[in-house]
Amino acid sequence: MTTTNDIGNRGEDLAASFLEEAGYRVLERNYRFERNEVDLVCLDPDQGGEIVFVEVKTRRGRGYGPPEASVTEEKKAALVEVSRAYLHERQLEGAPARFDVIGILLLDDDPEIEHYQNAFWA
């Protein structure tokens with residue numbers, strides 16, 4: 001039986017491949033700070049080397065709305081905290097950075113992937 005972790009991991013794999021095909025470089029997967037986590041940390045070479053913190057939301061159907069709708073204000077705050085820790089840890093405070101969300105619907109064999117750049121501001 002497929003678990004929610006399996007679905008999440010598949011979504012993260014699909015998102016990483018999607019971003020790499022678009023020219024991004026994945027710097028980190030599942031970066032954790034305290035109790036919070038960001039799914040992907042990438043470098044967007046098209047935006048002057050902007051660091052991109054990516055939250056991936058994956059669902060197997062539309063019954064609960066689009067996947068990206070599940071990025072709550074609480075999750076956004078956690079992502080901001082994680083991003084600050086990441087930048088501090090690597091002495092990159094002040095570096096250009098943004099928050100993206102990737103929503104993935106696993107329908108049949110052809111997943112639908114939506115990429116929302118600058119999904120929210122910190």
Side-chain angles (χ1 to χ4, degrees):
M1 178 169 191
T2 304
T3 68
T4 53
N5 281 344
D6 295 335
I7 294 167
N9 290 337
R10 177 150 184 247
E12 288 174 17
D13 290 342
L14 288 166
S17 295
F18 174 84
L19 291 170
E20 287 171 336
E21 288 174 18
Y24 290 68
R25 189 173 64 166
V26 176
L27 303 173
E28 191 104 28
R29 290 183 70 154
N30 304 114
Y31 173 79
R32 296 185 80 66
F33 174 70
E34 295 180 351
R35 298 181 64 183
N36 298 313
E37 174 188 75
V38 62
D39 296 319
L40 302 169
V41 181
C42 300
L43 191 66
D44 182 355
D46 291 340
Q47 296 299 319
E50 191 169 50
I51 297 169
V52 185
F53 297 93
V54 183
E55 178 66 10
V56 181
K57 291 297 185 185
T58 308
R59 291 194 174 156
R60 293 191 318 177
R62 291 186 170 94
Y64 295 101
E68 60 276 3
S70 65
V71 180
T72 63
E73 291 302 317
E74 182 180 353
K75 182 60 179 179
K76 290 176 188 176
L79 290 168
V80 169
E81 183 179 341
V82 168
S83 70
R84 288 184 178 144
Y86 180 90
L87 294 170
H88 176 76
E89 204 174 85
R90 285 155 180 78
Q91 300 179 347
L92 294 170
E93 289 102 332
R98 71 173 196 255
F99 298 93
D100 288 7
V101 172
I102 293 186
I104 299 176
L105 274 174
L106 299 175
L107 303 173
D108 303 318
D109 292 330
D110 191 24
E112 294 178 14
I113 300 174
E114 292 288 332
H115 181 193
Y116 302 90
Q117 294 183 355
N118 291 306
F120 64 93
W121 301 92

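Given the structure is predicted, the values throughout are model-derived calculations rather than measurements. For the numbers below, each heavy atom of this structure counts, side chains included, while hydrogens, waters and symmetry mates do not.
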**Q** Do Val52 and Leu27 sit in the same hydrophobic cluster, where Ile, Leu, Val, Met, Phe, Trp and Tyr count as joined when their side-chain heavy atoms come under 4.5 Å apart?
**A**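 They do not share one cluster, since no chain of ILVMFWY contacts under 4.5 Å joins Val52 to Leu27.
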**Q** When rounded to the nearest 0.5 angstrom, what distance separates CD in Glu68 from OH in Tyr116?
**A**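 Rounded to the nearest 0.5 Å, the CD-OH separation comes out at 3.5 Å.
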**Q** Do Glu12 and Asn30 get their side chains close enough for a donor-acceptor pair, meaning under 3.5 Å?
**A**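 Looking only at side-chain atoms, Asn30 and Glu12 do form a donor-acceptor pair, the distance falling under 3.5 Å.
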**Q** Are any of the side-chain heavy atoms of Leu106 and Leu14 separated by less than 4.5 Å?
**A** yes
**Q** Are there more than 12 heavy atoms of other residues, nucleotides or ligands under 6.0 Å from atom CD of Glu93?
**A** yes
**Q** I need the minimum non-hydrogen distance between Ile104 and Ala15, along with the two atoms involved.
**A**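 Distance-wise, the nearest heavy atoms are CD1-N, 4.0 Å.
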**Q** Report, as yes or no, whether the 6.0 Å neighbourhood of atom CZ on Arg60 holds more than 12 heavy atoms from other residues, nucleotides or ligands.
**A**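 Count not over threshold, so no.
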**Q** Might you point out which heavy atoms bring Gly61 and Leu107 nearest each other, and give the distance in Å?
**A**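 The pair with the smallest heavy-atom distance is CA-CD2, 4.2 Å.
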**Q** Do Pro66 and Glu114 have side chains that approach each other closer than 4.5 Å (heavy atoms only, starting at C-beta)?
**A**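 They are not in side-chain contact.
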**Q** Would you confirm whether Asp13, through its side chain, and Arg10, through its main-chain N or O, come within 3.5 Å as a donor-acceptor pair?
**A**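 No.
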**Q** Treat each ILVMFWY residue as a node, draw an edge where side-chain heavy atoms are under 4.5 Å apart, and state whether Leu40 and Ile113 are in one component.
**A** yes
**Q** Below 4.5 Å, heavy atoms only, C-beta onward: do Asp100 and Tyr24 meet side chain to side chain?
**A**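 Counting from C-beta outward, Asp100 and Tyr24 do come under 4.5 Å.
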**Q** Set out, in order, the CA-CA distance, both residues' side-chain angles and the distance that settles side-chain contact (heavy atoms from CB on, under 4.5 Å) for Glu112 and Arg62, then state yes or no.
**A** CA-CA 11 Å; Glu112 294 178 14; Arg62 291 186 170 94; 2.8 Å; yes
**Q** State, to 0.1 Å, how close Gly49 and Leu43 come at their nearest heavy-atom pair, and which atoms those are.
**A**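 Answer, listing the atom of Gly49 first, then Leu43: O-CD1, 3.0 Å.
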**Q** Hey, could you give me the CD/CG distance between Gln117 and Asp44, rounded to the nearest 0.5 Å?
**A** 6.5 Å
**Q** For the residue pair Lys75 and Glu37, what are the closest heavy atoms and their distance?
**A**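 Here Lys75 and Glu37 meet closest at NZ-O, 3.4 Å.
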**Q** Would Ile51 and Val82 show up in the same hydrophobic cluster when neighbours are defined by side-chain heavy atoms closer than 4.5 Å?
**A**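 In one cluster: yes.
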**Q** For residues Glu28 and Arg90, determine if any side-chain heavy atom of one lies less than 4.5 Å from a side-chain heavy atom of the other.
**A** yes
**Q** Is there a continuous path of hydrophobic side-chain contacts, each under 4.5 Å between heavy atoms, that joins Phe33 to Val80?
**A** yes
**Q** Would you give the length of the straight line joining atom CG of Asp39 to atom CG of Asn9, rounded to the nearest 0.5 angstrom?
**A**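 The distance works out to 9.5 Å.
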**Q** Does Leu19 belong to the same Ile/Leu/Val/Met/Phe/Trp/Tyr cluster as Val56, with side-chain heavy atoms less than 4.5 Å apart forming each link?
**A**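 Yes, because Leu19 and Val56 connect within a single hydrophobic cluster, where side-chain heavy atoms sit under 4.5 Å apart.
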**Q** Looking only at heavy atoms, what is the nearest atom pair of Phe99 and Leu79, with distance?
**A** CE2-O, 3.7 Å
**Q** When you compare the side chain of Tyr31 with that of Glu89, does any pair of heavy atoms fall below 4.5 Å?
**A**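 The answer is yes, as the side chains (C-beta and beyond) meet within the 4.5 Å cut-off.
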**Q** Give the intermediate values and the outcome of side-chain contact (heavy atoms from CB on, under 4.5 Å) for residues Phe18 and Ile102.
**A** CA-CA 10 Å; Phe18 174 84; Ile102 293 186; 4.3 Å; yes
**Q** Which pair of non-hydrogen atoms, one from Gly103 and one from Pro67, has the smallest distance, and what is that distance?
**A**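 Closest heavy-atom pair between Gly103 and Pro67: CA-CB, 4.0 Å.
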**Q** Is Arg84 paired with Glu81 through a side-chain N to carboxylate O contact shorter than 4.0 Å?
**A** no
